[in-house]
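Computed from heavy atoms alone, side chains included, the values below leave out hydrogens, waters and symmetry copies. For this chain, numbers begin at 1 and follow the sequence in order.
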Amino acid sequence: LQLVESGGGLVQPGGSLRLSCAASGFTLDYYAIGWFRQAPGKEREGVSCINASGGSTKYADSVKGRFTISRDDTKNTVYLQMNSLKPEDTAIYYCAAGWDGTCWKSEDYDYWGQGTQVTVSS
């Protein structure tokens, strides 16, 4: 049972990336999915979450209007579209699967990916 993130990389300020979170060994259908990030020397913070049905999404104030979370249960994958990236978005991004209804509490999540590095720099 694992989650695998992909899509990270180096991008210039103002650029875009789309992160993917793919599950193997279990279906994401009944899970809320959260994206978290951790920058060097900082605590892990919640970025966005989506409930099991996909009908409810939430965003941290720092990314609202720039990031979009979505899910495609036919592909067992959740996405994080990141636009207008800023240097302060530089971090390792993690996805996690937890009980439906959870969002910001990392302790509510049962499964975590290994993370993907996002670096925003000119």
Side-chain angles (χ1 to χ4, degrees):
L1 304 177
Q2 62 177 352
L3 295 172
V4 178
E5 303 96 337
S6 60
L10 173 64
V11 64
Q12 292 186 344
S16 298
L17 286 173
R18 188 177 79 157
L19 305 184
S20 298
C21 172
S24 63
F26 69 108
T27 177
L28 294 178
D29 289 11
Y30 304 107
Y31 289 91
I33 304 299
W35 282 97
F36 294 79
R37 67 186 181 186
Q38 188 166 19
K42 295 187 177 181
E43 293 187 354
R44 184 169 56 191
E45 63 174 350
V47 175
S48 181
C49 62
I50 187 168
N51 70 344
S53 71
S56 176
T57 58
K58 297 179 182 178
Y59 299 92
D61 287 343
S62 59
V63 306
K64 202 170 293 183
R66 300 188 297 121
F67 290 11
T68 303
I69 191 171
S70 62
R71 63 191 301 155
D72 184 346
D73 289 338
T74 65
K75 296 182 178 180
N76 217 22
T77 300
V78 173
Y79 304 98
L80 186 68
Q81 178 67 44
M82 306 187 297
N83 298 329
S84 303
L85 283 161
K86 305 175 181 180
E88 50 264 43
D89 295 318
T90 295
I92 299 175
Y93 284 71
Y94 301 89
C95 67
W99 59 271
D100 192 25
T102 192
C103 188
W104 302 119
K105 293 183 178 180
S106 58
E107 58 266 31
D108 286 345
Y109 289 86
D110 298 315
Y111 304 105
W112 289 81
Q114 82 291 348
T116 186
Q117 176 71 48
V118 171
T119 302
V120 185
S121 175
S122 55

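Rounded to the nearest 0.5 Å, atoms OG (S24) and CG (L1) are 7.5 Å apart. A distance of 10.0 Å separates CH2 of W35 from OG of S48, quoted to the nearest 0.5 Å. The line from CG of L85 to OG of S121 is 12.0 Å long, rounded to the nearest 0.5 Å.
Closest heavy-atom contact between C49 and T102: SG-O, 4.5 Å. Across all non-hydrogen atoms, the minimal contact from S122 to P13 is N-CD, 3.7 Å.
Side-chain contact between M82 and L19 is present, with at least one heavy-atom pair separated by less than 4.5 Å. When side chains are defined from C-beta on, R44 counts as touching S106, because their heavy atoms get closer than 4.5 Å. For the pair Y93/V47, a side-chain contact is recorded, criterion being any heavy-atom separation below 4.5 Å from C-beta on. At a threshold of 4.5 Å between non-hydrogen side-chain atoms, the residues T68 and L80 do not count as touching.
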- Item | Derivation and outcome, side-chain contact (heavy atoms from CB on, under 4.5 Å), residues S70 and Q81 | CA-CA 8 Å; S70 62; Q81 178 67 44; over 6 Å; no
- Kindly indicate, with the supporting measurements, whether the criterion side-chain contact (heavy atoms from CB on, under 4.5 Å) is fulfilled by V118 and L17. CA-CA 9 Å; V118 171; L17 286 173; 3.9 Å; yes
- Message: Working note: E45 + W104, criterion side-chain contact (heavy atoms from CB on, under 4.5 Å); need CA distance, chi angles, decisive distance, verdict.
- Response: CA-CA 8 Å; E45 63 174 350; W104 302 119; over 6 Å; no
- Task: Under the side-chain contact (heavy atoms from CB on, under 4.5 Å) rule, what do L28 and L3 come out as? Steps first, then yes or no, please.
- Result: CA-CA 10 Å; L28 294 178; L3 295 172; 3.9 Å; yes
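Contacts of D29 classified as side-chain hydrogen bond (donor to acceptor under 3.5 Å, both in side chains), with partners at least two apart in sequence or in another chain: T27. S53 pairs by the side-chain hydrogen bond (donor to acceptor under 3.5 Å, both in side chains) definition with N51, not counting sequence neighbours. The salt bridge (charged side-chain N to carboxylate O under 4.0 Å, His left out) test applied to D73 returns R71, not counting sequence neighbours. Partners of T119 by side-chain hydrogen bond (donor to acceptor under 3.5 Å, both in side chains), not counting sequence neighbours, listed by chain and number: Q117. For D72, the side-chain hydrogen bond (donor to acceptor under 3.5 Å, both in side chains) partners two or more places apart in sequence, or in a different chain, are T74. In this view, F26 and Y31, Y111 satisfy the ring-ring contact (aromatic ring centres under 6.0 Å, His included) rule, not counting sequence neighbours.
Under a 4.5 Å side-chain heavy-atom cut-off, the cluster of Ile, Leu, Val, Met, Phe, Trp and Tyr residues that includes L10 has no other member. With side-chain heavy atoms closer than 4.5 Å counting as contact, directly or through intermediates, W99 stands alone and belongs to no larger hydrophobic cluster. When hydrophobic side chains of Ile, Leu, Val, Met, Phe, Trp and Tyr are connected at separations under 4.5 Å, Y79 ends up as a singleton with no cluster partners. Through direct or relayed side-chain contacts under 4.5 Å between Ile, Leu, Val, Met, Phe, Trp and Tyr, W112 connects to F36, I92, Y94, Y109.
Under a 3.5 Å cut-off, the side chain of E5 and the backbone N or O of Q114 do form a donor-acceptor pair.
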Under 3.5 Å, which donor-acceptor pairs link side chains of residues 54-66 to any protein atom two or more places apart or in another chain?
from : atom 1 : to  : atom 2 : distance (Å)
Y59  : OH     : I69 : N      : 2.9
D61  : OD1    : K64 : NZ     : 3.1
S62  : OG     : R37 : NH2    : 3.4
R66  : NH1    : S84 : O      : 2.9
R66  : NH1    : D89 : OD2    : 2.7
R66  : NH2    : S62 : O      : 2.8
R66  : NH2    : D89 : OD1    : 3.0
R66  : NH2    : D89 : OD2    : 3.4

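Listed by first and then second residue, the salt bridge (Lys or Arg N to Asp or Glu O under 4.0 Å) pairs that reach into residues 90-111 come to none, sequence neighbours excluded.
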